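Bear in mind that the values here come from a model prediction, so they are computed numbers and not experimental data. Both backbone and side-chain heavy atoms feed into the values below; hydrogens, waters and symmetry mates do not. Residue numbers begin at 1 in each chain, while the letters A, B, ... track the order of the sequences.
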There are 2 protein chains.
Amino acid sequence: MNIGDASERSGLPAKTIRYYEDIGLLKPGRSENGYRDYSMNDVHRLKFLQRSRSLGFSVEECRQLLSLYGDTQRESADVKALAQIKLGEIDRKIAELQSLRDTLRHLVRNCHGDARPDCPILDELAGKPAAGAGKSAAQDKELSPRH
Amino acid sequence: MNIGDASERSGLPAKTIRYYEDIGLLKPGRSENGYRDYSMNDVHRLKFLQRSRSLGFSVEECRQLLSLYGDTQRESADVKALAQIKLGEIDRKIAELQSLRDTLRHLVRNCHGDARPDCPILDELAGKPAAGAGKSAAQDKELSPRH
DNA sequence: GCTAGGGCTTCCAGTAACTGGAAGGTCAAG
DNA sequence: CTTGACCTTCCAGTTACTGGAAGCCCTAGC
């Protein structure tokens with residue numbers, strides 16, 4: 001199929017799809033007329049890229065994730081280890097999104113537009129370090145539990 | 001506190017913090033010596049930025065999210081509507097991450113490194129359109145259920 | 001006081017990941 | 001056979017940082 005179809009099916013702009021080809025994330029065939037020709041497999045890769053990019057994985061991380069497909073030379077152990085690392089990252093992202101959601105929900109419920117200088121939700125926000133950056137020297141009783 | 005502390009507490013590099021100031025996401029005070037001086041409130045904003053940026057929200061979206069704090073001029077209805085939209089986006093992101101995680105997990109379990117040309121997980125992947133791009137013309141019996 | 005070190009400042013240049021636009025080839029419809 | 005949609009390449013611009021230079025501030029040791 002042509003790039004327009006691939007774009008529609010993957011949710012990625014054609015520009016971006018060509019860019020991904022430039023940087024070696026896929027190599028679609030070419031038709032007689034020189035147009036790019038995408039297989040279903042290509043579309044799946046694109047869709048996977050669309051999803052993982054929109055969720056905050058870098059292109060290089062996406063390249064790793066994609067290497068879990070198709071790269072039949074890789075050894076089981078490598079694949080499994082890589083996938084395990086990425087699964088951990090995904091779980092962390094899910095937890096962070098949930099905490100972000102809680103923050104926002106709480107905010108909607110408690111801060112309904114009255115003119116207060118400091119928003120009480122900020123404490124809440126600070127209270128959940130989201131498993132970050134290994135043992136950061138912060139967290140030293142930083143917040144007075146006011147309000 | 002100085003930018004170094006703010007950096008450590010927020011998990012953002014000092015460079016990025018200055019950049020966020022440049023584009024108007026916060027306005028820390030200045031000490032006598034000209035150094036930036038961050039309040040706890042500033043640190044919370046930074047932490048919030050760190051989280052939401054790492055989860056795939058654009059800087060402009062983060063600006064909107066941040067406007068839910070502190071902008072006491074905004075009307076309740078506006079705030080609520082905006083937050084509702086963002087909550088929807090967050091829920092969608094969580095769902096996508098979960099589906100991504102399922103895909104990866106499934107992949108780890110089923111594709112343990114044997115030399116097959118197409119990965120069976122692709123079916124799985126394609127089967128979950130992840131609420132995307134309205135009614136895409138895809139899904140037309142695309143994959144033969146081999147593997 | 002003097003100097004070395006680390007942290008801070010601004011400014012400018014570079015990178016990553018697109019994104020828009022020009023200039024032109026291809027192709028089905030009228 | 002022309003119009004319009006879609007495709008091509010190439011080059012320039014944008015977003016969101018990131019690195020590095022040049023220089024000020026501040027504490028510590030001699």
Walk me through it: do B/Phe48 and B/Leu66 pass the test side-chain contact (heavy atoms from CB on, under 4.5 Å)?
-> CA-CA 8 Å; B/Phe48 187 88; B/Leu66 271 180; 3.9 Å; yes

With a non-hydrogen cut-off below 4.0 angstrom, is A/Arg53 in contact with a base, only sugar-phosphate, or nothing?
-> sugar-phosphate

When all nucleic acid strands are considered with a 4.0 Å heavy-atom cut-off, which category describes A/Ile3: base, sugar-phosphate, or nothing?
-> sugar-phosphate

Under 4.0 Å between a side-chain N/O of B/Thr16 and OP1 or OP2 of D/dA16, yes or no?
-> no

Start and end of chain B contact along DNA chain C [non-hydrogen atoms, under 4.0 Å] | C/dG7 to C/dC11

Least distance between heavy atoms, B/Leu55 atom then B/Lys93 atom | O-NZ, 3.5 Å

Note down the inter-axis angle between the two ends of the helix from C/dA17-D/dT14 to C/dG30-D/dC1, five pairs each, to the nearest 10°.
-> 20°

Which atom names give the shortest non-hydrogen contact between A/Ser54 and B/Glu96, and what distance separates them?
-> OG-OE1, 3.5 Å

Let me have the donor-acceptor pairs involving side chains of residues 27-35 of chain A, under 3.5 Å, with sequence neighbours excluded, atom names and distances please.
unit_1	atom_1	unit_2	atom_2	d
A/Arg30	NH1	A/Gly34	O	3.0
A/Asn33	OD1	A/Tyr35	N	2.9

With heavy atoms under 4.0 Å as the rule, sort B/Arg18 into base, sugar-phosphate or nothing.
-> base

With DNA chain D as reference, determine whether B/Tyr19 or A/Lys15 sits nearer its 5' end, using the nearest nucleotide of each.
-> A/Lys15

Let me know the distance between OH of A/Tyr38 and P of D/dC6, rounded to the nearest Å.
-> 16 Å

To the nearest angstrom, the CG-C1' distance between B/Leu25 and D/dA16 comes to 11 Å

A/Glu32 or A/Tyr20, whichever maps to the more 5' nucleotide of DNA chain C | A/Tyr20

Taking C-beta and beyond as the side chain, do A/Arg105 and B/Leu87 meet within less than 4.5 Å on heavy atoms?
-> yes

